[in-house]
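No experiment lies behind these values; they were computed from the predicted model shown. One-based numbering, in listed order, for ligands and for the atoms of each. Computation of the quantities below employed the complete heavy-atom set of this structure, encompassing side-chain atoms and omitting hydrogens, waters and symmetry-equivalent molecules.
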Amino acid sequence: MSAILVPSLYVMSGVCAFAALHHGLAVMQRRVSQVHLLFATLCAVVMVYILVRAGAYQAQTVEALVALRKWEVVGVCLIYIIFPWFIAGFTGVRPRRFLLALTIFWSLILAANLILPYGAQFADLPTLTYFDLPWGERVVDLRVFQPSLVHKIALLAILAIMAFGVHASLDQYRRGLKSRARSLAWALGIFFSFILFNWAANWGIIDFIHLSEFGFLAMLVMMDLEMMRESRNDKRRMRDVLDHLPVAICLKDLRGRFQLINRGFETLFHVDDDAILGKTAFDTLPQDLARRFRIDENQAVETGEDVEREHVLDWNGAPHVYETHQFPLLRQDGTAYAVCGVYFDVTETRQKDEALHKFRRQIWHTDRVASTGAISASLAHEICQPLAAILNNAQAGLRFLDHDRVDLEEIREIFQDVVRDDKRAGTIINGLRAMLQQQETPYADVDLAQCIEEVLELLHGEMIRHGVDVERMLETHLIVRANKTQLQQVILNLTINALEAMAEQPAGERRLRIEATRTDGKAAVSISDSGVGIAEDMLDRIFEGFYTTKPQGLGVGLEVCRSIMESHHGSIWAEANPDRGATFRFSLPLAGGDAAPKGAAGA
Ligand code: ADP
């Protein structure tokens, strides 16, 4: 007597145990589809089922056989519950009610099997008969010659599962997933052939033992092969997608060793896939680059969140701007197991932005020169006043000198007046020159109140000409680190916009209020007018380039103001006044604070 059947059943259960572990661990370690969990459970149940069958083949008493057959039926019921759900998860064909009905049906059979004295298979106590296998092995015969009613009904439910499997397989075929459809059809076909074989054995057509365990195993192997093939295909396709993306991507383990890089990464950093894998950035990239990327990666792993940055780094002797995104890949318990980096070389884009930005500033400057030209009539008047006063005082001084007794006190007062008037004319001319000059002034500590006063001084004549009431509330000692020319251009633009917005208002109702205060540790300036106002939905749009409502407008002023504010680490926005007009506000970090810009020259 050779023992082949039972040991081969043990080997088969070992195969199932391996598959169950393989898919179960994949679910636990990574975020793979839940289908793997169903498959792992199916494998585990088939494993137990095969072990029970191996035991039943060796039963010595009828009671032991009936008890083992009951457990065998428990296994079969569980397989028939899980298998349809697995097909649904695998194919995406999910007739929920049908699946629930099947689950309930097999659960009832399972319960009946446990309650009935001889289980679901036998109506009466079977007798132990033995069967000699062709290779000489003798086993207890497991055929069901007198099936119970429950056994017969259950056969119908097996046909329902088969029908569902065929339907799901056809659905895959129609959707172009031919390989998947084929594998499922093969798995079902093999499985069903074994079921047919069992029936034929039960009816005495074939004189052999049941072979359903081989059917289950063949089905599992088919599905496992298909899932592995799909996973390989997914990897290949993912690789192709990664290689065609116009960005550099890399995946590193927590020790910073490269696990995967795409072609974009190879091109951007001039490295080779084979040479870099398993090494760290410190072994393969310039040290400064590696150090900065490492800091971001550590932060991403520690916080569990994406880290986005822009780095300016020297690469091959030229500065490059890199936009980088680092994000951790997380296990289900939220801990990181790898970190992914996405890098763009935005040097060219930044250069274009800068060129465009410069171009707009030039246009804006031209516009400002034009508007400054337009107010030059009132400026001439402004300058004439102190000049005339100087002349009068000088003539008066000369006349005093002709007197016999020169009153020195009188002469001192005259000189003081001359100095004051000269300073006034000088301030106006300097202000005008600042507005017209193209070259940038360096960053310096700027007194905000004085800066605003100088602009208002320049626009003094305009205010009078337009009949505008100016109210100012300027806190002193508000020092910001700024490019004074740019800052004055912002104030000038906002003030001229306010004057233009009030042009249509009746005289006497044109009010301009300028405030400079210290708010939340920052310098905050507001310029408020009683003009036409701005609709709520336009408050953001007006800052977009080339948006204008004025016939002669260019629509770049506010955009340039925003970019100046951004380069000063500040912000600018507009608000609609509750009663009438609009308020423009900007805020800047105070000098000496961390956020104050340190640049030597303006942007
Ligand atoms: P421009 O003055 O050349 O139109 P700006 O960028 O300076 O360009 O302004 C854009 C638009 O914003 C203006 O055309 C106007 O519609 C609106 N705007 C700006 N300031 C005010 C204000 N104080 N009141 C009402 N609307 C304003």
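Note: an N/O pair closer than 3.5 Å links K550 and ligand 1 by distance alone. Where the criterion is an N or O separation shorter than 3.5 Å, residue side chain and backbone included, A582 fails it with respect to ligand 1. Considering backbone and side-chain N/O atoms, N497 comes within less than 3.5 Å of an N/O atom of ligand 1. Remark: ligand 1 and V532 share no N or O pair separated by less than 3.5 Å (distance only, no angle test). Checking only distances, D529 does come within under 3.5 Å of ligand 1, N or O to N or O. Polar contact check, G555 against ligand 1: a nitrogen or oxygen pair lies under 3.5 Å apart.
For G531, the closest heavy-atom approach to ligand 1 does not fall below 4.0 Å.
Nearest to atom 5 (P) of ligand 1 by heavy-atom distance, out of L558, N577, L539, is L558. Taking only non-hydrogen atoms, the option from T583, T548, I542 nearest to atom 12 (O) of ligand 1 is I542.
Each of the following atoms of ligand 1 lies closer than 4.0 Å to a heavy atom of T549: 13 (C), 14 (O), 15 (C), 16 (O). Of all atoms in ligand 1, listed by their number and element, those nearer than 4.0 Å to a heavy atom of F584 are 19 (C), 20 (N), 21 (C), 22 (C), 23 (N).
Ring to ring, H325 and Y343 are not that close: their centroids are 6.0 angstrom or more apart. Aromatic ring centres of F282 and F293: separated by at least 6.0 Å.
Heavy atoms of other residues, nucleotides or ligands lying less than 6.0 angstrom from NZ of K235 number 12 at most.
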Going through the distances and angles, do L260 and D273 end up as a side chain to side chain contact (heavy atoms under 4.5 Å, CB included)?
CA-CA 8 Å; L260 178 150; D273 191 334; over 6 Å; no
| request: Verify side chain to side chain contact (heavy atoms under 4.5 Å, CB included) between F586 and V490, making sure each step is shown before the conclusion. | output: CA-CA 9 Å; F586 66 82; V490 171; 4.1 Å; yes
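Remark: R562 qualifies as a cation-pi partner of F543 under the 6.0 Å distance and 45° angle criteria applied to the six-membered ring.
Within the model, atoms CG of L512 and CG of L459 stand 9.5 Å from one another, a figure rounded to the nearest 0.5 Å.
Only the side chain of N493 comes within 4.0 Å of ligand 1, counting heavy atoms alone; its backbone N, CA, C and O stay farther away.
Looking only at distances, a side-chain donor or acceptor of N262 sits under 3.5 Å from a matching main-chain atom of I249.
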